[in-house]
2 protein chains.
Amino acid sequence: MSNNHIFIEKLRSSGLRPTKQRIKICKLLFDRKDTFHFTINDLSDSLRKITLDKISLATIYNTINAFKEKGYLKEISINSNKTYFDTNVSNHHHFFDENKKELIDLNDNDVGKIKIKKSLPGKKIKSIELLVKIANSN
Amino acid sequence: MSNNHIFIEKLRSSGLRPTKQRIKICKLLFDRKDTFHFTINDLSDSLRKITLDKISLATIYNTINAFKEKGYLKEISINSNKTYFDTNVSNHHHFFDENKKELIDLNDNDVGKIKIKKSLPGKKIKSIELLVKIANSN
DNA sequence: TTTAAATTTATAACGATTCTAAAGTAGAGT
DNA sequence: ACTCTACTTTAGAATCGTTATAAATTTAAA
Ligand SMILES: [Mn+2]
Ligand SMILES: [Mn+2]
Ligand SMILES: [Zn+2]
Ligand SMILES: [Zn+2]
């Protein structure tokens, strides 16, 4: 439909051919107001719902890995058998709801400034990730 | 040898029978001055070096899961195909060296106080984990 | 010593992810 | 529009960390 040409450009500009599979995945991931978190399985289910011609699991993995590579997605550090991705690639932190197994964004106002005072020679900081695990109180 | 009775007590007091496999793993994990981080594979290799009669991989997994359950070990939240454990069960944070694939403790002096200002109704905080990924600078 | 429950073990099963290699497609050059 | 080649998709196999199974062994209570 409408926004396809935007995604076609986005893909082209990063050296990825705008295939119909990639465009569909782009629309699902990026054609919305709010960012969100997902696993490959979530994505696979969502795709099955919105399209008749199925996209193979290998392609979903290939595409998500390519998007992560290009910086369109972020992988969240969390110990789970599944990998969690985030369409919000800005620096931010997370609650992880252990009951729902879902990530919730913490924005800058939600967390005091994090200061790393230690440094190691020959090493530089690549990322700072805070994960706050939460669960039902009762 | 010497400290066995301490570990035997520790195991008994937590409802775990003090088998020779568990005692060997206890000695390897806890009979030392400094705490450390390890994966099951690390531990398996270490065990093979210090003992002639091999401990099956299933027993290693069972034992580590039991120790985690009892609070003798902590699992670190990190996105890796392997699970990382910590014999330091106190609250502390980590550097993760992406080149060496190894965790390095950050103590309280190394990180400014972390303040979580957001809370969700019906939910309580279970843990706060900061992971600072580092890599070679050049 | 007897006996039930806990533990160990080898091996199978599982599940997320990656690999393979064959078939299909996109786009540059003509 | 046609050709050609590199890129992409795909089904299915392979990988690998972890968990499940079920039989043999060990622990420890009675
Ligand atoms: Mn992990
Ligand atoms: Mn993970
Ligand atoms: Zn997020
Ligand atoms: Zn640690």
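Just so it is clear, the values below take in all heavy atoms, side chains as well, and ignore hydrogens, waters and symmetry mates. Here the structure is a predicted model, which is why all the values come from computation and not from measurement. Residue numbers begin at 1 in each chain, while the letters A, B, ... track the order of the sequences.
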In whole angstrom, give the distance that lies between atom [atom1] of [X] and atom [atom2] of [N].
X: A:Ile78; N: C:dA16; atom1: CD1; atom2: C1'; answer: 15 Å
X: B:Glu69; N: D:dT18; atom1: CD; atom2: P; answer: 16 Å
X: A:Tyr61; N: D:dA14; atom1: OH; atom2: C1'; answer: 14 Å
X: B:Ile60; N: D:dC16; atom1: CD1; atom2: P; answer: 18 Å
X: A:Leu43; N: C:dA16; atom1: CG; atom2: P; answer: 14 Å
X: B:Asn65; N: D:dT19; atom1: CG; atom2: C1'; answer: 9 Å
X: A:Ile23; N: C:dT25; atom1: CD1; atom2: P; answer: 14 Å
X: A:Asp42; N: C:dG15; atom1: CG; atom2: P; answer: 17 Å

#### Entry: Ring geometry between B:Phe30 and B:Phe7 (parallel below 30°, tilted from 30 to 60°, perpendicular above 60°)
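Judged by the thresholds at 30° and 60°, the geometry between B:Phe7 and B:Phe30 is tilted.
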Residues 131-138 of chain B, side-chain donor-acceptor partners within the protein, below 3.5 Å, at least two apart:
unit_1: B:Lys133; atom_1: NZ; unit_2: A:Ser77; atom_2: OG; d: 3.0
unit_1: B:Lys133; atom_1: NZ; unit_2: A:Glu129; atom_2: OE2; d: 3.2
unit_1: B:Asn136; atom_1: OD1; unit_2: A:Lys123; atom_2: NZ; d: 2.5
unit_1: B:Asn136; atom_1: ND2; unit_2: B:Asn99; atom_2: OD1; d: 3.4
unit_1: B:Ser137; atom_1: OG; unit_2: A:Gly122; atom_2: O; d: 2.7
unit_1: B:Ser137; atom_1: OG; unit_2: A:Lys123; atom_2: N; d: 3.3

### Nucleotide-resolved protein contact map, nucleotides 2-13 of chain C, B/S/- at heavy-atom distance under 4.0 Å
---BSSBBB---
### Query
Counting only side-chain N and O atoms of A:Asn81, is one of them less than 4.0 Å from OP1 or OP2 of D:dT18?
no
### Query
Hey, is the side chain of A:Thr83 poking within less than 4.0 Å of OP1 or OP2 on C:dT17, counting only N and O atoms?
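A:Thr83 to C:dT17 OP1/OP2: side-chain N or O found under 4.0 Å.
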### Task
Find the distance between NZ (A:Lys101) and CZ (A:Phe96) and round it off to the nearest 0.5 Å.
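The NZ atom of A:Lys101 sits 5.5 Å away from the CZ atom of A:Phe96.
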### Query
Could you state the interatomic distance from CZ (A:Phe67) to CD1 (A:Ile25), rounded to the nearest 0.5 Å?
6.5 Å
Only distances under 3.5 Å count here; give the side-chain donor-acceptor pairs of residues 106-114 of chain A to other protein atoms, sequence neighbours excluded, each with its distance to 0.1 Å.
unit_1: A:Asp110; atom_1: OD2; unit_2: A:Asn107; atom_2: N; d: 2.9

### Task
Using atom types as modelled and distance alone, determine if a side-chain donor or acceptor of B:Ser14 lies under 3.5 Å from a backbone N or O of B:Leu16.
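Not confirmed, B:Ser14 side chain does not pair with B:Leu16 backbone.
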### Query
Between the axis at one end of the helix from C:dT1-D:dA30 to C:dT30-D:dA1 and the axis at the other (five pairs apiece), what's the angle to 10 degrees?
30°
### Task
Determine, for A:Asp53 against A:Lys24, whether the closest basic-nitrogen to carboxylate-oxygen distance falls under 4.0 angstrom.
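Yes, charged N to carboxylate O under 4.0 Å.
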### Task
Apply salt bridge (charged side-chain N to carboxylate O under 4.0 Å, His left out) to A:Asp42 and list each qualifying residue two or more places apart in sequence or on a separate chain.
none
### Query
What residues, two or more places apart in sequence or in another chain, satisfy side chain to side chain contact (heavy atoms under 4.5 Å, CB included) together with A:Tyr61?
A:Ile40, A:Leu57
